[in-house]
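Beneath this line is the structure, given in structure tokens, with notes to follow.
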Protein chains: 2
Amino acid sequence: MTAQRRVVAEVLDGEHVHLTADEVHSRAVAKLPEISRATVYNTLGELVSLGEVLEVATDKRAKRYDPNAHRPHHHLVCAQCGEIKDVHPGGNPLADLPDSERFGFKVSDVEVTYRGVCPNCAAA
Amino acid sequence: MTAQRRVVAEVLDGEHVHLTADEVHSRAVAKLPEISRATVYNTLGELVSLGEVLEVATDKRAKRYDPNAHRPHHHLVCAQCGEIKDVHPGGNPLADLPDSERFGFKVSDVEVTYRGVCPNCAAA
DNA sequence: ATCCAGTATTGGATAAAGTCCAAGGTCATA
DNA sequence: TATGACCTTGGACTTTATCCAATACTGGAT
């Protein structure tokens with residue numbers, strides 16, 4: 001555990017945190033000015049491999065990193081400003097996919113992304 | 001309607017078609033050698049605006065374009081090779097998101113992505 | 001059939017996001 | 001202190017996508 005990794009881990013902490021790699025880097029630089037982009041990417045990649053952090057691809061621009069990897073959840077995204085909330089819907093989408101629709105795949109995971117407009121953007 | 005647009009529309013036709021912009025361009029070039037990348041991007045953008053084609057962000061690399069926009073469906077993705085199938089699960093995920101989990105958003109849409117391993121990759 | 005205004009296309013430049021790599025630094029151990 | 005393992009750095013490079021000015025094409029009006 002190096003100073004650089006500690007800083008990345010610190011930046012990625014909290015509820016409803018979904019930063020891009022670049023945002024992580026900016027915030028990390030604020031705490032440790034000499035940290036490089038490459039290290040941020042390396043560390044994020046390791047955290048993802050370790051299962052400590054999730055990659056989220058809600059919009060098609062930069063990947064986002066979600067530290068809330070240990071409680072399963074899905075995402076609610078504002079179509080206008082891009083804000084992302086963690087949500088915990090009921091139901092079991094895995095059970096809703098009949099065998100006839102599995103094409104022989106071994107299905108292991110489901111991701112659900114709700115889209116809408118957040119209160120801020122609705123007001124504007 | 002120009003030759004270029006016709007070619008792009010032709011390339012994007014069929015079931016379980018989920019090409020990247022680059023793949024669309026390659027195939028379009030095969031039919032119309034002088035078509036430019038910019039035109040492919042423009043045309044894809046227009047088709048998306050018109051609601052004729054969907055953008056899919058299943059992996060975090062290039063966007064993919066799905067011509068099957070008129071029958072609602074979700075996606076099943078192979079985690080190894082990236083193959084994508086259209087699927088039609090039962091259930092109603094929208095109904096599964098309680099008000100208490102909506103954070104005041106006006107929720108209008110849900111995307112469900114199943115992940116697993118396709119028969120090919122499982123055999124290998 | 002021709003002309004025109006408007007729209008589409010082109011290719012090259014540019015941007016944004018991410019990856020790769022060689023060189024150098026740090027740390028624990030012996 | 002010397003050694004080896006692993007991290008970090010910065011810059012070059014790749015991939016994906018967008019922008020722009022110049023040119024070409026389209027369809028309707030004449």
Side-chain angles (χ1 to χ4, degrees), chain A residues 1-12 17-50 52-67 75 77 79-84, chain B residues 1-12 17-50 52-67 75 77 79-84:
Chain A
M1 176 58 67
T2 64
Q4 286 81 351
R5 294 184 183 192
R6 197 176 323 112
V7 165
V8 170
E10 279 171 26
V11 165
L12 276 179
V17 168
H18 308 89
L19 299 170
T20 63
D22 224 52
E23 288 165 348
V24 172
H25 179 243
S26 301
R27 300 191 186 197
V29 163
K31 299 188 177 214
L32 184 66
E34 69 276 22
I35 194 170
S36 78
R37 245 166 255 280
T39 296
V40 170
Y41 277 105
N42 287 343
T43 306
L44 288 173
E46 283 158 23
L47 290 171
V48 169
S49 297
L50 291 172
E52 295 296 318
V53 165
L54 298 175
E55 272 183 6
V56 184
T58 51
D59 62 9
K60 8 288 179 191
R61 305 188 57 81
K63 292 179 210 171
R64 292 175 175 276
Y65 293 89
D66 182 339
H75 292 112
V77 182
Q80 280 174 47
C81 69
E83 182 174 4
I84 304 174
Chain B
M1 177 58 66
T2 64
Q4 286 82 351
R5 294 185 183 191
R6 196 175 325 111
V7 165
V8 170
E10 279 171 27
V11 165
L12 277 178
V17 169
H18 308 90
L19 300 170
T20 63
D22 223 52
E23 288 164 349
V24 172
H25 179 242
S26 302
R27 300 190 185 199
V29 163
K31 299 186 175 216
L32 185 65
E34 69 275 23
I35 194 170
S36 78
R37 246 166 253 282
T39 296
V40 170
Y41 277 105
N42 287 343
T43 306
L44 288 173
E46 282 157 23
L47 289 171
V48 170
S49 297
L50 291 172
E52 295 296 318
V53 166
L54 297 176
E55 273 183 4
V56 185
T58 50
D59 62 8
K60 7 287 179 195
R61 304 187 56 81
K63 292 177 211 172
R64 292 175 175 277
Y65 293 88
D66 181 339
H75 293 111
V77 182
Q80 279 174 49
C81 69
E83 183 175 3
I84 303 173

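In the text below, chain A, chain B and the rest are named by the order of the sequence lines, each starting its count at 1.
- The side chain of B:Arg61 approaches D:dT16 more closely than any other nucleotide in the set D:dT16, C:dA8, C:dG18.
- In terms of modelled atom types and a separation under 3.5 Å, the side chain of B:His75 and the main chain of B:Ala57 share no donor-acceptor contact.
- Of the candidate nucleotides C:dG11, D:dG10, D:dA17, D:dA17 has the atom lying nearest to any side-chain atom of B:Ala62.
- Summarising the geometry, the separation between CZ on A:Arg37 and C1' on D:dT8 is reported as 15 Å, rounded to the nearest angstrom.
- Between B:Leu44 atom CG and C:dA8 atom P the separation is 15 Å, expressed in whole Å.
- Rounded to an integer number of Å, the gap from B:Tyr41 OH to D:dC20 C1' is 17 Å.
- Between B:Ile35 and B:Val8 there is a side-chain heavy-atom pair separated by less than 4.5 Å.
- Mapping A:Val40 and B:Asn42 onto DNA chain D by nearest heavy atom places A:Val40 at the nucleotide closer to the 5' end.
- Of the candidate nucleotides C:dT10, C:dG18, D:dT8, D:dT8 has the atom nearest to the side chain of A:Thr43.
- Note that the NZ atom of B:Lys63 and the CZ atom of A:Arg61 stand 8.0 Å from one another [nearest 0.5 Å].
- Distance, A:Leu32 CG to D:dG10 P: 11 Å, rounded to whole Å.
- Following rounding to the nearest Å, B:Arg6 (CZ) and C:dA8 (P) show an atom-to-atom distance of 14 Å.
- Atom NE2 of B:His25 and atom C1' of C:dG12 are 13 Å apart (whole Å).
- The interatomic distance linking B:Glu55 (CD) with D:dT18 (P) rounds to 8 Å, in whole Å.
- Under 4.0 angstrom from either OP1 or OP2 of C:dT10 there lies at least one side-chain N or O belonging to B:Gln4.
- Considering only heavy atoms from C-beta on, A:Asp22 comes within 4.5 Å of A:Arg37 through its side chain.
- Atoms CE (B:Met1) and P (D:dT26) sit 12 Å apart, rounded to a whole Å.
- A:Ala28 and A:Val11 get closest at one heavy-atom pair: N-CG2, 3.9 Å.
- Picking from C:dT10, D:dC7, D:dT9 the nucleotide with the shortest atom distance to the side chain of A:Arg5 gives D:dC7.
- Checking the phosphate oxygens (OP1, OP2) of D:dT15, no side-chain nitrogen or oxygen of B:Lys63 falls inside 4.0 Å.
- Out of D:dT9, D:dT26, C:dG18, the shortest distance to the side chain of A:Thr39 is found at D:dT9.
- Sequence order on DNA chain D of the closest nucleotides to B:Thr2 and B:Arg64 puts B:Arg64 first from the 5' end.
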